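This report concerns only the one structure given below.
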Number of protein chains: 2
Amino acid sequence: MLSIKEITKQTGITVRTLRYYDEIKLLVPAGKTEGGHRLYGEKELKKLQEIQFLKMLGFSLKEIKEMLSDKTRDWQEGLQNQLQYVIKEKEKLAEIEKTLIGLMNGITIDGDVNLSEVQKMIHLYQGSYEERNAYRDQMFCEEEKVLLDLLPNMNSRDSDSLEWVLLLGQLKQHLDKDVTAPQVQKIIQRMYEKTIETFGDNDVFFNKLWAVRKSPEKSKKMGFYPIEDEVLDFFERAWQVFESKQK
Amino acid sequence: MLSIKEITKQTGITVRTLRYYDEIKLLVPAGKTEGGHRLYGEKELKKLQEIQFLKMLGFSLKEIKEMLSDKTRDWQEGLQNQLQYVIKEKEKLAEIEKTLIGLMNGITIDGDVNLSEVQKMIHLYQGSYEERNAYRDQMFCEEEKVLLDLLPNMNSRDSDSLEWVLLLGQLKQHLDKDVTAPQVQKIIQRMYEKTIETFGDNDVFFNKLWAVRKSPEKSKKMGFYPIEDEVLDFFERAWQVFESKQK
DNA sequence: AGTTGAAACTTACGTAACGTCATTTTGTAT
DNA sequence: ATACAAAATGACGTTACGTAAGTTTCAACT
């Protein structure tokens, strides 16, 4: 029989954690001394290491408890779910990363964070929240439905759209400059990369999207945030410059 | 002045959350009715959206509070830190993802999870935890020191090493089969990919590493988990088959 | 056997960011 | 004045432990 100290030495797990596992009955000691000190056997040590392993994979203690108690359980399913979760989290983090980088670029270019502009965009972008759900699922022509299906993430407020908002906000900063200015083109380039990521090489959908956006009523109907004509025109001109330079 | 309901409609933030923000003084309403109902102004709405934005980037409420209160604060630093954090988390998740995929492959190949073997490896791999720290920082020849510096993640128990353990565990399952068996070669391929990731194209370090591992005393001295000669030999033979097929 | 210091024990609060009741007040329309 | 929605407060629940505070047990030494 191994004392609790022995276990901590061999696993690096703290005493508190072991007591906690005992408390939630995840890992109950094999026995106790008459004084109440916990005693663990080899079997418990093994189980503890299984717990450690599963924890590293990101499972919760509750899940681990179920997995280890129910021997007939379908592991495949649990692993599959966990994998899906991990992949999603990774993507979210990737978007956040890009947004952060974008923000930092914005700072270094402009010398200022300019949260107010950015969040004004977000405000517009989020729309009235209730109106949006009211419009959804009704009154769309087929073509628009296709667009909506292809772009589920463009009109929900997730971290992916965040960068679009940010980029447009940054673009808005440079309306007074020339569309060929390096700061402007840098932003456009990022936008270009992002469309590639989203739509792949072909830009059919992208063009359609912008066509819809340019029609104010449709834009509103589809739940997109309105973009001022100024910005739209500026963007188009800058985009054309960028495209011509690509060739 | 806007009622709390108005705010939830425009932002999608729940009443409870607004009350919580009031409680922790992150966002205090502009005023109250005589009856105690919260009233918000445009300024508060704006701040709330800033909070939302920062939250999407993964900042904690405490951090956001500081960022928004201290206008002179150096945002660059906070963003930089957050970026570092996000990148690390992403890497961790990537490792977990690979391990999960490895596990699932193991299942589909063997039809069994075989946690016992895996965790036996982990047990060995983790060693006695204290012994490890005792040996570290003393009694290494220069060459070994270089190796240790290049492989900080190989002898600490992080999720990266997890897959190595896993792969070796899987390999051990197939000791009875031929080294050219597709299951074996599949494992070897994953190992190959992983060495590329870790060491780049050149395999000098990798060979040295295995040289060290093949010497039992050195292996123990450097804190690596011991690998049975059986497994080592099997691995080497399988590796050679794989390499020859590459050309 | 008695003492003592280390180790283990229990109890309980703290963490982050709210969700979810339960209960009571306030606002507003009729 | 009354009814009903909406807002208020209070308190507990959630995760996986960390961190005291105060008490008891263990093992060794005299």
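Predicted model only: the values in this text are computed from it and were never measured. Heavy atoms only: backbone and side chains are in, while hydrogens, waters and symmetry mates are out. Reminder, nothing fancy here: chain letters follow the sequence lines and each chain counts from 1.
One atom, CG of A:Leu18, and another, P of D:dC17, lie 10 Å apart when rounded to the nearest Å. A straight line from CG of B:Leu54 to P of C:dA16 spans 17 Å, rounded to a whole angstrom. Atoms CD1 (B:Ile13) and C1' (C:dA17) sit 13 Å apart, rounded to a whole Å. Between B:His37 atom NE2 and D:dA5 atom P there is a gap of 15 Å when expressed in whole angstrom units. Atom CD of A:Glu6 is separated from atom C1' of D:dC26 by 15 Å (rounded to the nearest Å). We find that OH of A:Tyr20 is positioned 19 Å from C1' of C:dC9, with the value rounded to whole Å. Distance A:Asp22 CG to D:dC17 C1': 14 Å, rounded to the nearest Å. The distance from atom CG of A:Leu48 to atom C1' of D:dA16 is 14 Å, rounded to the nearest whole Å.
Residue contacts shown for B:Arg19 include a base, since a base heavy atom lies under 4.0 Å away. Within 4.0 Å of A:Ile4, counting heavy atoms only, lie sugar-phosphate atoms of the nucleic acid but no base atom.
Closest to the side chain of A:Thr17, from the set D:dA16, C:dT10, D:dG18, is D:dG18. Of all nucleotides listed (C:dA17, D:dA7, C:dG27), D:dA7 comes nearest to the side chain of B:Lys5. Side-chain proximity of B:Ser60 to D:dT9, C:dA17, D:dC17: nearest is C:dA17. Of all nucleotides listed (D:dT9, C:dT10, D:dC17), D:dC17 comes nearest to the side chain of A:Arg16. Closest to the side chain of B:Thr33, from the set C:dG27, D:dT15, C:dG19, is C:dG27. With D:dC17, D:dT15, C:dG19 as the choices, the nucleotide that has an atom nearest any side-chain atom of A:Lys55 turns out to be D:dC17. Nearest nucleotide to the B:Leu61 side chain, out of C:dA17, D:dA8, D:dT19: C:dA17.
When each of B:Ile51, B:Thr8, B:Leu48 is paired with B:Ile13, the side chain to side chain contact (heavy atoms under 4.5 Å, CB included) condition holds for B:Leu48 and for no other.
For B:Tyr21, a side-chain nitrogen or oxygen approaches OP1 or OP2 of C:dC18 to under 4.0 Å. Contact check, A:Arg38 against C:dT10: a side-chain N or O comes under 4.0 Å of OP1 or OP2.
By the 4.5 Å heavy-atom criterion applied to side chains, A:Glu91 and A:Ile87 are counted as neighbours. Inter-residue side-chain proximity for B:Asp22 and B:Leu18 is flagged as unmet; no heavy-atom pair is nearer than 4.5 Å.
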Derivation and outcome, side chain to side chain contact (heavy atoms under 4.5 Å, CB included), residues A:Glu89 and B:Glu89: CA-CA 9 Å; A:Glu89 279 301 300; B:Glu89 280 299 302; over 6 Å; no
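Under a 3.5 Å cut-off, the side chain of B:Glu44 and the backbone N or O of B:Gly41 do form a donor-acceptor pair.
In terms of position on DNA chain C, the residue among B:Lys62 and A:Leu39 whose nearest nucleotide sits closer to the 5' end is A:Leu39.
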